[in-house]
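Only one structure is covered here, and it is reproduced in the block below.
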Amino acid sequence: MAPDRDEILAALERVIDPELKRPVTELDMVRDVVAGDDGSVSVTIALTVAGCPLRSSFQDQVAQHVGAVSGVTRVALEFDVMSQEEKAALATRLRGGRPQREISLSPSTRVVAVASGKGGVGKSTLAANLAAALVEQGERVGVLDADVYGYSIPHVLGVTQRPVVVDSMIVPPVRGDLHVMSIGLLAEDNAPIMWRGPMLHRALEQFLSDVHWGELDTLVVDMPPGTGDVAMSLGQLLPRAEALVVTTPQPAAQQVAVRAAVMAQKTGMRVTGVVENMSWLVGTGQELFGSGGGEALAAEIDVPLLAKIPFDPALREAADAGCPVLEAAPDAEVSTAIRALAEAVQARRPGAIRKALTVL
Ligand code: ADP
């Protein structure tokens, strides 16, 4: 007797699209289910793009769940590609009635913007690693690389997969459980981004509103350095964002960082903390770049200093290898410091039960 079709469909409800994070049944991706008297089952799933690199995930999940249905002896999975109409219907469903010009974040998603007064202080590296640390702590996290002219998040996280475009909607690729979006993933061959002047705000608005993030606990945004027009536009486009300001320990850096903090406030963000990076050289305690900048900045803008991160070549090496340092060197001093930062950030989640911060 052939296995029960309803049971197979119920099993397919447990097959989750790795990027869209919803069951394939709910996304109307199941094209065909054929069950033979010999217990063989053939399933066809329609993907958004041909040659989707996540095929193996579907293969594993279908084999596991459909294979567990009683009477099933063999499972075959075939792939098809959605038509334009199907993609449009999927995009409409994912958008869920949201107006096209709004960033697609669920109301409960927290937006943490990582800002700095100038480049080179480790803002992008810390944004990527903070996101990885939040994933480690069980959160559903996205990283938006909004450093549009100097995008580096794809490099730091080793993501090269292009986003899937479903109708006019951009589905961010995943790195493990982390959703990653960068304009760099859309640019051809490392081409520079040419948005300028009046086009800029509209282009950013469209870019943000076209990205489908799904249900996230936290979206970490790598802001452009400084107080230029991209940073200002973003401040206005990101709803209810909290800003973390990254600085290095020397007093001169702190003055520049104050400007970024003031700008974040002026564009409607709430500055919630300071992170001091490159505070000491691991293994030696040596203060390569002076000391006191983080404390002084925190005092000046009246927010807590959430963490001090040591200078550790392991962090740079991991970033250059496209890997969060928490994975590359989980026990390194810098990994512990980044976990402490993530905990401090979590403790400051609006409505979170406040626990005492580690005394620095
Ligand atoms: P920004 O985004 O502020 O321009 P990056 O994140 O690109 O800065 O960092 C600049 C360089 O410094 C990168 O090569 C990065 O790997 C390195 N770096 C950042 N923070 C640290 C640290 N704590 N220890 C060692 N290297 C670091």
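The basis for the numbers below is simple: all heavy atoms, side chains too, and nothing from hydrogens, waters or symmetry mates. As the structure is a computational prediction, the values presented were derived from the model and not from experiment.
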Review point. Under the 3.5 angstrom rule, does the side chain of Arg175 hit a backbone N or O of Cys323 as a donor-acceptor pair?
Key: no
Check your understanding: Quick one: OG1 on Thr247 to CZ on Phe289, what's the gap to the nearest 0.5 Å?
Key -> 12.0 Å
Quick one: side chains of residues 178-186, donor-acceptor pairs under 3.5 Å with protein atoms, not counting sequence neighbours, listed by atom name and distance.
unit_1: Ser182; atom_1: OG; unit_2: Asp145; atom_2: OD2; d: 3.0
unit_1: Ser182; atom_1: OG; unit_2: Gly184; atom_2: N; d: 2.9

Practice item. Could you tell me which non-hydrogen atom of Ala131 sits nearest to which non-hydrogen atom of Val143, and how far apart they are? Key: CB-CG2, 3.4 Å
Exercise for review: Following the transitive rule for hydrophobic clusters with a side-chain heavy-atom cut-off under 4.5 Å over Ile, Leu, Val, Met, Phe, Trp and Tyr, establish whether Val114 and Val156 coincide in one cluster.
Suggested key: no
Check your understanding: Do Pro225 and Lys123 have side-chain heavy atoms sitting under 4.5 Å apart?
Key -> yes
Review point. Above 12 or not: heavy atoms from other molecules or residues under 6.0 Å from CG of Asp302?
Key: no
Practice item. Assess whether side-chain contact (heavy atoms from CB on, under 4.5 Å) is satisfied between Glu276 and Leu305, documenting all intermediate values. Key: CA-CA 8 Å; Glu276 187 184 273; Leu305 174 61; 4.2 Å; yes
Exercise for review: Please tell me if the side chains of Pro23 and Ile16 come closer than 4.5 Å, counting only heavy atoms from C-beta onward.
Suggested key: yes
Check your understanding: Roughly how far, to the nearest 0.5 Å, is the CG atom of Leu90 from the NE2 atom of His212?
Key -> 8.0 Å
Exercise for review: For residues Ala342 and Gln137, report the shortest heavy-atom separation together with the two atoms involved.
Suggested key: CB-NE2, 3.9 Å
Exercise for review: Tell me, yes or no, whether the heavy-atom count around Asp177 atom CG, taken from other residues, nucleotides or ligands under 6.0 Å, exceeds 12.
Suggested key: no
Exercise for review: Compare every heavy atom of Lys118 with every heavy atom of Ser116, then report the nearest pair and how far apart it is.
Suggested key: OG-O, 2.8 Å
Exercise for review: Could you walk me through whether Asp217 and Arg140 pass the salt bridge (Lys or Arg N to Asp or Glu O under 4.0 Å) test, one step at a time?
Suggested key: CA-CA 5 Å; Asp217 296 310; Arg140 295 166 299 177; 3.0 Å; yes
Review point. Using 4.0 Å as the upper bound for N to carboxylate O, is an ion pair formed by Glu295 and Lys308?
Key: yes
Practice item. Verify side-chain contact (heavy atoms from CB on, under 4.5 Å) between Met169 and Val164, making sure each step is shown before the conclusion. Key: CA-CA 8 Å; Met169 188 173 277; Val164 172; over 6 Å; no
Exercise for review: Report yes if some heavy atom in the side chain of Pro173 is under 4.5 Å from a heavy atom in the side chain of Glu19; otherwise report no.
Suggested key: yes
Review point. Do Ser124 and Asp222 meet the criterion of a side-chain donor-acceptor pair at a distance under 3.5 Å?
Key: yes
Practice item. Taking the side chain as every heavy atom from C-beta outward, state whether Lys21 and Val174 have any pair of such atoms under 4.5 Å apart. Key: yes
Review point. Taking it one step at a time, do Thr109 and Trp213 satisfy side-chain contact (heavy atoms from CB on, under 4.5 Å)?
Key: CA-CA 10 Å; Thr109 302; Trp213 289 105; over 6 Å; no
Point to revise | Within 6.0 angstrom of Glu78 CD, more than 12 heavy atoms from elsewhere | key: no
Check your understanding: Is there a donor-acceptor contact under 3.5 Å from the side chain of Thr73 to the main chain of Asp38?
Key -> yes
Point to revise | Atom pair CG (Leu27) and CE (Met82), whose distance is rounded to the nearest 0.5 Å | key: 7.0 Å
Review point. Do Val220 and Leu326 share a hydrophobic cluster, counting only Ile, Leu, Val, Met, Phe, Trp and Tyr and linking them when any side-chain heavy atoms are less than 4.5 Å apart?
Key: yes
Check your understanding: Between atom CG of Leu244 and atom CG of Leu126, what is the distance when rounded to the nearest 0.5 Å?
Key -> 10.0 Å
**Study point:** From Glu333 atom CD to Leu315 atom CG, the distance as rounded to the nearest 0.5 Å
**Key:** 12.0 Å
Point to revise | side-chain contact (heavy atoms from CB on, under 4.5 Å), paired with Leu341, selected from Thr336, Val275, Asn129 | key: Val275
Check your understanding: Mind checking whether Leu77 and Phe58 have side chains closer than 4.5 Å, heavy atoms only?
Key -> yes
Check your understanding: Picking from Thr125, Leu157, Val135, what satisfies side-chain contact (heavy atoms from CB on, under 4.5 Å) with Pro324?
Key -> Leu157
Exercise for review: Taking the side chain as every heavy atom from C-beta outward, state whether Met29 and Phe79 have any pair of such atoms under 4.5 Å apart.
Suggested key: no
Check your understanding: How close do Ala337 and Pro310 get, heavy atom to heavy atom, and via which atoms?
Key -> CB-CD, 3.6 Å
Practice item. Take Glu139 and Arg110, measure what salt bridge (Lys or Arg N to Asp or Glu O under 4.0 Å) needs, and give me the verdict at the end. Key: CA-CA 11 Å; Glu139 288 200 19; Arg110 181 181 185 195; 5.4 Å; no
Exercise for review: Kindly compute the distance separating CD (Glu13) from NE2 (His65), expressed to the nearest 0.5 Å.
Suggested key: 11.5 Å
**Study point:** Donor-acceptor under 3.5 Å (Asn277 side chain, Val121 main chain)
**Key:** yes
Practice item. Over all heavy atoms of both residues, which pair between Arg5 and Val33 is shortest? Give the atoms and the distance, please. Key: NH1-O, 2.7 Å
Review point. Within a strict 4.5 Å, meaning less than it, do heavy atoms of the Val211 and Leu144 side chains meet?
Key: no
**Study point:** Derivation of the side-chain contact (heavy atoms from CB on, under 4.5 Å) call for Arg55 and Leu47
**Key:** CA-CA 9 Å; Arg55 280 164 175 249; Leu47 300 174; 4.1 Å; yes
Practice item. Report yes if some heavy atom in the side chain of Val334 is under 4.5 Å from a heavy atom in the side chain of Ile309; otherwise report no. Key: yes
**Study point:** Val246 reachable from Met278 in the ILVMFWY side-chain graph, under 4.5 Å edges
**Key:** no
Check your understanding: Is the number of heavy atoms from other residues, nucleotides or ligands under 6.0 Å of Arg31 CZ greater than 12?
Key -> yes
Review point. Going only through I, L, V, M, F, W and Y residues with side-chain contacts under 4.5 Å, is there a path from Val43 to Val34?
Key: no
Check your understanding: What is the minimum heavy-atom distance between Pro3 and Gly71, and which atoms define it?
Key -> CG-O, 3.7 Å
Review point. When clusters are formed by joining ILVMFWY residues with side-chain heavy atoms under 4.5 Å apart, either directly or through shared neighbours, do Val274 and Phe311 land in the same one?
Key: no
